[in-house]
Every structure is written in C-alpha cells, then in structure tokens.
Amino acid sequence: MSISVTSVIDGLEVQGAPGGWLRSVNPARTAEVVADVALGDAGTFAAAARAARTAHPSWADVPAPIRGRAIAHIGRLVEANAERLARLVTREIGKPYAEALGEVREIVDTCDFFLGEGRRLYGQTVPSEMPDKQLFTFRNPVGVVGVVTAGNFPVAVPSWYLVPALLCGNTVIWKPAEYASASARALFDLLNRGGGLPAGVLNLVLADGEQTFAGLEAALADGCLDKIGFTGSSAVGARIGELAGRHLQSPCLELGGKNPMVITPSADIDLAVSAALFSGFGTAGQRCTSLGTVIVHEDVAEDFTLQLDKAVRNAPVGDPFADVVYGPMLNQRFAERFEEYLTWLKPHHRLLGSDGTGLITAQNPRPGFVGDPGAGLYYHPVLAAGVHEDDALFRQETFGPIVGLTTYRDLDEAIRLANAPGYGLSSSIYTREGADAFRFRRGISAGMVSVNNSTSGAEAHLPFGGNGKSGNGSRQSGIWVLDQFTRWQSMNWDYSGTLQKAQMDISELTPDESFRLPD
Ligand code: UN1
C-alpha cells in the first residue's frame, strides 16, 4: 500500500509539489511503491525557517523540565510503535528488520537520556575575584536549527539531532533524505504527537539536495537559521561548512569514514572475523561506521583472510525481512554509486567472498540467496585482498558491501596505514595485549575507537563524531551534543554598590618569597 507524503510547516501540510513528485520504492522489491512524495523547494525551506523563527521565543520559554517530559512521552510513543516504524524502515530502505528494530531502539535510548537532561541543563556558579560579586553560567538555546540527514539511518540519526535540539529549547526544520520520506514522516508524526509540540516548533521539509542548499542559503540570508546539523558525504559537508562559515556559524557535521580494523598477532581470529563480517557487510556496508579496510598483521594474514573469505561466502544475503546479513542497497542512486566503486577494483586485487561481482541476478547468482534477487537492488559482497596505499579503494569511502584488506609488520605501520586516508570517524583493533590497545588509541586519528569490537554499533550516549574528512570536530549524543544546541552565556552580578573594576580593583595577599626551610 502506497501513501502520499508532504512537508509540514507550522503544523500544516504543504499543498502542491513545487519541487516535483518523487516515488519512494522498496529497494528489495523495486516494483513496490512505498510512498509518493511531494517535494518542496528552496522557498519551502525558507518558509519553514520563518515559521520556526516565529515559534522560537515561546518554545524557549517552556521550562526545560516540561520539555524533558515531552521527550519522555515521545520515547514512550516510539516504543509503542516500534514494530510498525521498523517495518516501514525495512520496506523503504531495505535494512534487515533486526537492524531496523535496533535503529528504533536507538531513538528510545536517546529519549531516555535526554528526558532527564530537562531537569539538569546545568550552569555553574563561579567565584568572583572581587567581594560582593557573583559569577554564573547559563546554557541558552541557539535558536532555529536546520537538520539535514541521510537515509541509511532514516530515523535513529535524525533523533540524535532532533531530540536534544528540542530539549534545549530550539525550534527545528528537518530535511530528511527524500528517498526515505515515509520513514521520516512517521518519525516526524511520532515526535509531534508524542511531544504535543506547538505548531512551528518542529517542521518537516521534503526536498532534493540542491533545493535544500538554496533553502539553507535563503534562510541564513533572512536571519532565520542559527545552526545547521548535517549527516552525509564529506563533499557536501565541506560545502555546508563553507556556507555556514560565511555566516559565522559552525555547523554540526557528521560525515563519511574509511574505518580501519587492525588485527594484531594476538587477536582472537574467530571474533575478529565475525566483527569484520558484521561491520563490513551489515547494512550492506552503508553505515558511516562501516568497515573500510582490514589491516592485518602478516603472521596471521593468511589464516584471517581464509576465514573471512569463508564467512563472507556463507553469509545469507537477500530479503531484509528474513534472517540475512544484508539486504539491498538503500536505493537506485546508491546502487549506481556502488557500481562506480567496483570500477576501482584492479588486477592486483585478489577478489574473495563471492564468485561474482556486481548485481546479483539469475545469470550472476549467489548461492544461498534468500528470496528473488531479480526483484531488488542486491549486490555481491567484495573482499579485495592486496589493496595498496595509493589505491582509490584504500583512500576513499566506498558506501556498499566492499572491504579492502592489506597487511602490516609492526603496530606503528598499522597506525600509519589506518590514518592514511585522512578520515577519522571510527576504528577498531583486535588484540589481547593491553599495550597495543592503548598505543592504537593514542595514535589513531579517529573520534571513536573499538577494542575487540567492530567499527560500527556505537551506543547512543557516548560522543559520536569524527575528525579530518569525517567532520569538523563536532560531537553528537550524550552530554557532548549539548554544546551544539546551546550557547554558554556568562553573567556577573555585583552587589557591592560600588564600581569594582576587574583586574584592577583586586586585593592580593602578600607572599614571603624569601622564606626557606632550614637545611
Ligand atoms: C551512521 O551510519 O550514520 O554506530 C550512524 C553505528 C550506529 C550509527 C551509525 N549506531 O553504527
């Protein structure tokens, strides 16, 4: 059953489709339409920003504990709708149902964390250098926040922005990935209904990338946008960073990754193989935290490669409602881009993990495929052994079921290789040596480090974010994201009844600098 989905501004569905109509299809069965999407344009985004600006003062006046209660109710409503929302996510972007349920869980976890933050949002009382004067700090909302998100986590990652932004007293325009519009609209409805949010506090704009960019520009020029949050590619992140910088803003950027996994000689190889399979091929390799390159010590390389090859060959691929390691690509655009990444495979790469490459079809079959491969956008997994440091496959993010493999001789070399592509999101090391783990942690440029765990699967209350090409140092989740959605305000209050000048009218105790202890 297909539905039609629209943008919502100031509590009202937007009429018409100035950006045209888009068909959101099930990538596991491309003949099935999930939603007809009425796209807005730059003007739609700018109108939403104006509505958010108007709604902001009274939302900021709602006491933070009351906003926290709204987050609590949202969490409960999401929990009560968990299976429905997860089914929709699986239908719309092809993520295996178990993962989709986990994704919905991540929203609830985020609500669980921030419902209490409404009763904290702590500021500090600070002593003054002068008598009869007191210093304080307060967290103020930033104002109007524009959130632009990707479709690989169509509901969890948006909640990392929307929940804390609302809790902190901001109003929001959310622009989800247009190919995941039905999932986005479902989350949007849950947030609005669950939170009892007044009109204009949270607005939804469905639009393509270029119109969104023009909309961000217009809203910034209008003075109706105070902060941008963006999850997506490093290239678009850089454009958003430039745009925000021209308006003296610093966006919250969560970008791509080329996440390394180092396998040391002491590693538990079985464990490392299962982690490489999950983080390289789970979600069809379409997480920003997906494994990019395995960097394996040459003493254990043969054993590890053999076992990972076997694990990938035996991994069930297919219908995302069945028990599979991965399903289809998110949508046609991602399938096309993946085909481009496959052209980066070169004769010096040893291709493992499958007998075929490219689209899985009756003519290019995968043994054990679950369901009808011809119905959807299913691709053979690729494990490419023998990648070189200057290969595109080693240096660039490849969103899809492809993992490179190279070897190293000592840990310094492994760390150098792990940092070489210049991203810095997630990373992992498998070792039984504590010293290896700490040396790796210190040397790796990534914002997130796993020890004996995969590169993906971060918990929802630790700082999430990257360095280098993976972001601008912003962090999401937990207490750390509060610095994205609030601004520190300092206050000093002098009740001495005189003008006490800082740094000048201060008293000093006199030290006896010549004092020495007896010999
Ligand atoms: C993403 O791919 O944008 O750590 C986020 C993980 C998930 C989030 C991934 N919890 O893999």
Side-chain angles (χ1 to χ4, degrees), residues 86 89 93-96 98-113 147-164 174-177 179-180 183-184 187 229-234 236-237 240 251-261 274-292 325-327 329-331 334 337 397-401 403 423-428 446-451 453-467 469-472 474-478 480-481:
V89 166
I93 58 133
K95 174 176 289 200
E99 282 189 39
L101 272 177
E103 165 152 9
V104 174
R105 181 73 236 168
E106 210 162 328
I107 308 170
V108 178
D109 295 346
T110 299
C111 291
D112 282 356
F113 186 89
V147 174
V148 180
T149 51
N152 60 336
F153 274 82
V155 291
V157 172
S159 80
W160 296 357
Y161 291 98
L162 304 176
V163 168
W174 177 28
K175 204 303 284 186
Y179 61 85
S183 305
L187 177 63
F230 171 74
T231 294
S233 70
S234 302
V236 176
I240 289 190
C252 179
L253 298 176
E254 203 258 274
L255 310 177
K258 188 73 188 176
N259 307 300
M261 178 182 284
S274 59
L277 177 69
F278 169 66
S279 56
F281 300 96
T283 331
Q286 299 168 110
R287 293 189 188 210
C288 57
T289 54
S290 288
L291 169 61
V325 167
Y326 72 89
M329 301 302 286
L330 298 169
N331 98 335
F334 288 84
R337 219 180 291 164
E397 180 177 41
T398 47
F399 221 62
V403 170
Y423 292 84
L425 188 63
S426 181
S427 62
S428 149
M448 298 179 284
V449 185
S450 296
V451 180
N453 188 18
S454 87
T455 55
S456 58
E459 297 184 38
H461 54 292
L462 258 195
F464 188 102
N467 305 314
K469 288 192 272 180
S470 296
N472 59 350
S474 51
R475 294 291 182 265
Q476 296 189 275
S477 298
W480 299 274
V481 78

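One-based numbering, in listed order, for ligands and for the atoms of each. Atoms considered below: every heavy atom in the structure, side chains included; atoms not considered: hydrogens, waters and symmetry mates. Here, residue 1 is the first one in the sequence, and each next residue gets the next number.
The aromatic rings of Phe113 and His461 sit parallel to each other, their planes meeting at less than 30°, with 60° as the upper class boundary.
Partners of Thr231 by side chain to side chain donor-acceptor pair (under 3.5 Å), not counting sequence neighbours, listed by chain and number: Tyr161. Every residue meeting the side chain to side chain donor-acceptor pair (under 3.5 Å) condition with Asn472, not counting sequence neighbours, appears here in chain and number order: Ser474. Taking the side chain to side chain donor-acceptor pair (under 3.5 Å) definition, one finds that Ser159 meets it with nothing, sequence neighbours left out.
Between the side chain of Asn259 and the backbone N or O of Thr455, no donor-acceptor pair lies under 3.5 Å.
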Note down each nitrogen or oxygen pair, ligand 1 side and protein side, whose separation is under 3.5 Å; give only atom names and the distance to 0.1 Å.
{"residue": "ligand 1", "atom": "2 (O)", "partner": "Asn152", "partner atom": "ND2", "Å": "3.3"}
{"residue": "ligand 1", "atom": "2 (O)", "partner": "Cys288", "partner atom": "N", "Å": "2.7"}
{"residue": "ligand 1", "atom": "4 (O)", "partner": "Gly457", "partner atom": "N", "Å": "3.0"}
{"residue": "ligand 1", "atom": "4 (O)", "partner": "Ala458", "partner atom": "N", "Å": "2.7"}
{"residue": "ligand 1", "atom": "10 (N)", "partner": "Glu106", "partner atom": "OE1", "Å": "3.3"}
{"residue": "ligand 1", "atom": "10 (N)", "partner": "Glu106", "partner atom": "OE2", "Å": "3.1"}
{"residue": "ligand 1", "atom": "10 (N)", "partner": "Ala458", "partner atom": "O", "Å": "3.4"}
{"residue": "ligand 1", "atom": "11 (O)", "partner": "Arg287", "partner atom": "NH1", "Å": "2.8"}
{"residue": "ligand 1", "atom": "11 (O)", "partner": "Thr289", "partner atom": "OG1", "Å": "2.7"}
{"residue": "ligand 1", "atom": "11 (O)", "partner": "Gly457", "partner atom": "N", "Å": "2.9"}

Report the C-alpha separation of Glu99 and Arg287 in whole Å, then their side-chain angles, then the decisive distance to 0.1 Å, and conclude whether the salt bridge (charged side-chain N to carboxylate O under 4.0 Å, His left out) test is met. CA-CA 12 Å; Glu99 282 189 39; Arg287 293 189 188 210; 3.4 Å; yes

